[in-house]
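One structure is given here, and the rest of the page talks about it.
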Amino acid sequence: MKKQIAWIIIGGLLLGTLGGCQKKTTGNICETTAQEENKQEESKQGETKAPPREPGAMGRYEETAVELPQEMENQMVCWFGKGKDGKMELHTREGDYYSEGGSEAFRYVYQDEVWTKDENWAGNAVFKENGIDPMFVTYGQNGIYYLGGTDQDYIYHVFRLEENGTATEQLEGVFNPEEGRDYGMLPPKFEVLEDGRFLIYDYSQVLLYDTSGKRLFSMAKDFSGTTSDARGFSDGKDLITVLDGQIVRYDLHSGKVTETISIDEVEGVQSAAQLFGDGAGGIYMATETGLSHINKGGTLWETLIDGSLNHMGMRSLYMVGFLEGDNKEYFGTFCKEGGTGILLFHYEYNPEMAAVPPSGITVYSLKDNSTVRQAASQFQSEHPEVRVEVRTAVENGGSVTEEMIQGLNTELLSGKGADILILDGLPARSYIEKGVLMDLSGLVEELEGNGEMYNHLLEGLREHDGAVYQVPARFSFPLLIGEEKAVEAYSSLESMAGYQGEKALLPVVNYENLLRLTANLQYRELFEEENSLADRETLIRYLETVKTLGEANGAKTAFSEEEMEQLWVSNHVAPNGLIESAIQYDAGRFDSGIAEMSGFSSLCIPAEVRRLHPGTRMVPAGPIYLPSTLAAINRSTANEEMAKEFLRCLLSYEVQNEELYDGLPVNKKAMETRAETEKNISVGSGIGDYHISADYPSKEVRQEVKSMIDSLTVPVIVDETIMKMIADGSRDYCDGKENVEQAADKILRTMTIYLSE
């Protein structure tokens, strides 16, 4: 059971990580002007004012790393806050979330700018004596320490730690499972009020209990999707948390909402926010884009720290705590993937620093990109005199429109636009033909010469004349799983359409996914050979193949909710059509499955499926790979050398080595490090009565899959506009409302106009 709970929690943590891959972009941060400050001066007692961000203005918060004891490197944070005598404390535990019999717990106190371990801390003994795995520690508003953790049955317990080292359990029975459940409430944190009442944070609510364990009432809050979500704090009288995408203030006597504050103007993902008070009723909110503040009764958020200029914006780090120091300074605690690798930074106002770096470069992408964000933060730390501005067309999962691309095209063709372009989803071929992009062949040869890159992945994007206009920072590749006959059927359109087996070759998907999947798998046949998709006969052959595959596996243009449940399918469309389907093969529903190898975590299920089925093969779908985070430099840039330096940073080991769940690294050293690194991950998947679980793939399997990369020589970049034309133009054919010739002619008419523009 404990391991099952581990799957749930890891799933939550991963979801929080993946959600980090969709974070909102850094845009213009709302700041309070001098005029607005004067208007609200009476309500701004004790407020720290951010300096104006006018060009040439001086003064901003400077980030410096705080040295931590070396032994903390493999520990995890249980709590970061102010304890006895107002001193900062870090409470940690051994770096293993699920140790049997309890982990060692530690207390460190910050005094005279040095972190000192409390060798006599009684809390560790309390955890040990009660068989509790340490999860959380806090210093209550009543001046008493409290400990929280789980026993061997994964039941949560809270203890009050007395000055003499003794402990008394609190809230007994509150965390026991309800009837019919295997586990009870597992709070990511709790707070203790001055009168001894408890605020227990559950995933979608905060519950108030009296000292006897009687539940008084609950207060709703948003659930971000990660089990570590504990946004909120109490100032003694109120609870401040997030509900319906807004800050809400609850009265702790009535449980009623007394104030609602919009956070729309504050950039960053609020699901990862750290909320804390200023001691005067105001609210601080720390996110990846910086630290913002609003006074009690105020209506405007003020930006104090710009996270794009420091480690706050680094995607490989996860913010686990933020607080105000004693002198209008701030401290932020972060960890790396898996919860270990603790880092602490100090933020202090420096009037001698330029409010905005004197020079800068701009990076543009259609959607937010974690590797680009990571590179921007890394570049910023190496070049504090340069500001890297990352712009995106859509935020928070929005949709890219044709108007967005047309607007960008107009800007680029007029000799303007961002210095660096991330070409994913953009018409790169058109930009190359119109001379918008800079030839990067010299930079590529330099990168290839240092021996750190997968040179063949870069060479795959070299033009016939030797020029290179785009460089991938990440990539993935389709991984086939099935018996020999099924795997061999993917070699061509003809063999896919002609496959005869006990079951259908491919798991059921909607027709648009099937069109996209086939276009990617047979990219060479459809796009690289002389008779490409612009040829009527080739287009007809492609459409007929997709229709044959769809009739065999039951594809539709759209499924009902009942069909989705019965067929294990959804109407979601993946850009490359690759929908994880190894479980469909494992369940015996189809003769093969496909996975997108974008990281070793995505290998867990396919590797386990192969282990369960002797004779099953797990191989790449030919020599193709899917390049992503395709970086290019605008030929009109006035910052050529700086832009090239950013690309070097983007492809550096420091950036490439971070696991951001957005693809494999093109840096060989980073790939080798990932292949060698062990992870304590278990995943599970299931539908109905079917279930499969898997651990992180073994080193042997990881090295096996890594070796496949050497055979990948054909980059697959399907023009998204053309793909949409094909999907739209073939819908009636797939639904049986017209013949293939009619569909092909309709597609060719729209495609011809597009290609001639």
Side-chain angles (χ1 to χ4, degrees), residues 366-367 399-400 402 405 423-429 475-480 489-490 492-493 496-497 504-528 532-534 538-559 564 567 569-581 584 590 592-598 602 620-622 624-628 630 663 714-735 740 743-744 746-747 750-751 754:
L366 287 179
K367 294 186 177 182
S399 299
V400 176
E402 188 175 343
I405 296 178
L423 297 172
D424 298 3
L426 290 172
R429 178 51 49 191
F475 76 100
S476 62
F477 62 93
L479 200 61
L480 305 176
Y490 286 92
S492 67
L493 288 173
M496 287 179 71
L505 175 65
L506 277 164
V508 60
V509 291
N510 60 50
Y511 265 114
E512 184 166 353
N513 274 316
L514 195 52
L515 283 161
R516 290 173 177 271
L517 174 65
T518 305
N520 279 271
L521 293 180
Q522 303 306 332
Y523 180 81
R524 290 175 296 166
E525 187 173 348
L526 293 176
F527 293 94
E528 287 201 327
S532 67
L533 270 184
T538 302
L539 179 58
I540 288 175
R541 185 158 44 90
Y542 163 55
L543 295 177
E544 288 178 333
T545 297
V546 169
K547 188 67 180 294
T548 299
L549 293 168
E551 289 173 344
N553 68 11
K556 289 187 175 183
T557 53
F559 296 94
M564 285 191 282
L567 300 173
V569 69
S570 80
N571 289 321
H572 168 72
V573 174
N576 53 28
L578 282 168
I579 305 294
E580 168 62 51
S581 56
Q584 299 263 28
F590 299 93
S592 70
I594 302 178
E596 182 176 2
M597 178 55 193
S598 57
S602 64
I624 63 173
Y625 64 97
L626 312 174
S628 60
L630 283 159
V714 179
V716 173
I717 307 175
V718 179
D719 188 306
E720 177 60 22
T721 303
I722 288 179
M723 200 66 248
K724 286 181 179 177
M725 291 175 181
I726 293 171
D728 292 342
S730 64
R731 188 168 290 111
D732 286 343
Y733 168 61
C734 293
D735 283 339
V740 69
K746 183 165 52 178
I747 293 168
T750 56
M751 193 185 300
Y754 169 71

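Index from 1, following the sequence. All figures in this text were calculated on a predicted structure; none of them were measured in a lab.
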Minimal non-hydrogen separation, [X] against [Y], with atom names:
X      : Y      : result
Leu630 : Asp424 : N-OD1, 3.0 Å
Asn576 : Asn520 : O-ND2, 3.4 Å
Leu543 : Val740 : CB-CG2, 3.8 Å
Pro478 : Ile624 : CG-CD1, 3.9 Å
Ile722 : Tyr754 : CG1-CE2, 3.8 Å
Leu521 : Ala621 : CD2-CB, 3.8 Å

What's the spacing between [X] [atom1] and [Y] [atom2] if we round to 0.5 Å?
X      : Y      : atom1 : atom2 : result
Leu479 : Ile594 : CG    : CD1   : 10.0 Å
Ser570 : Ile579 : OG    : CD1   : 6.0 Å
Ser602 : Glu580 : OG    : CD    : 8.0 Å
Leu526 : Leu533 : CG    : CG    : 4.5 Å
Leu505 : Leu480 : CG    : CG    : 9.0 Å
Ile726 : Arg731 : CD1   : CZ    : 12.5 Å

Under 3.5 Å, is there a donor-acceptor pair between the side chain of [X] and the main chain of [Y]?
X      : Y      : value
Asn510 : Phe559 : no
Asn513 : His572 : yes
Asn553 : Ala504 : no
Thr557 : Tyr511 : no

Problem - Worked verdict on Ser492 versus Glu525 for side chain to side chain contact (heavy atoms under 4.5 Å, CB included) - result: CA-CA 7 Å; Ser492 67; Glu525 187 173 348; 3.7 Å; yes

Problem - Side chains of Leu578 and Leu626 in contact at under 4.5 Å (non-hydrogen atoms) - result: yes

Handout entry: Side chain to side chain, Tyr490 and Leu506, heavy atoms closer than 4.5 Å
Key =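 Side chain of Tyr490 against side chain of Leu506, heavy atoms only: contact under 4.5 Å found.
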
Exercise for the section: For the pair Ile717 and Arg429, evaluate side chain to side chain contact (heavy atoms under 4.5 Å, CB included) and give the outcome as yes or no after the intermediate values. Expected result: CA-CA 10 Å; Ile717 307 175; Arg429 178 51 49 191; over 6 Å; no

Handout entry: Name of the residue among Val508, Thr545, Leu549 meeting side chain to side chain contact (heavy atoms under 4.5 Å, CB included) with Leu514
Key =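 The passing option is Leu549.
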
Handout entry: side chain to side chain contact (heavy atoms under 4.5 Å, CB included) evaluation trace for Tyr625 with Met597
Key = CA-CA 10 Å; Tyr625 64 97; Met597 178 55 193; over 6 Å; no

Exercise for the section: Give the C-alpha distance, both sets of side-chain angles, the deciding distance and a yes or no for side chain to side chain contact (heavy atoms under 4.5 Å, CB included) between Tyr542 and Leu515. Expected result: CA-CA 9 Å; Tyr542 163 55; Leu515 283 161; 3.6 Å; yes

Exercise for the section: Look at atom NZ of Lys746 and say whether more than 12 heavy atoms of other residues, nucleotides or ligands are closer to it than 6.0 Å. Expected result: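 Result for NZ/Lys746: enclosed.
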
Practice task
For residues 506-518, pull every pair meeting salt bridge (charged side-chain N to carboxylate O under 4.0 Å, His left out), keeping only residues two or more places apart or in separate chains.
Solution key: Glu512-Arg516, Arg516-Glu720

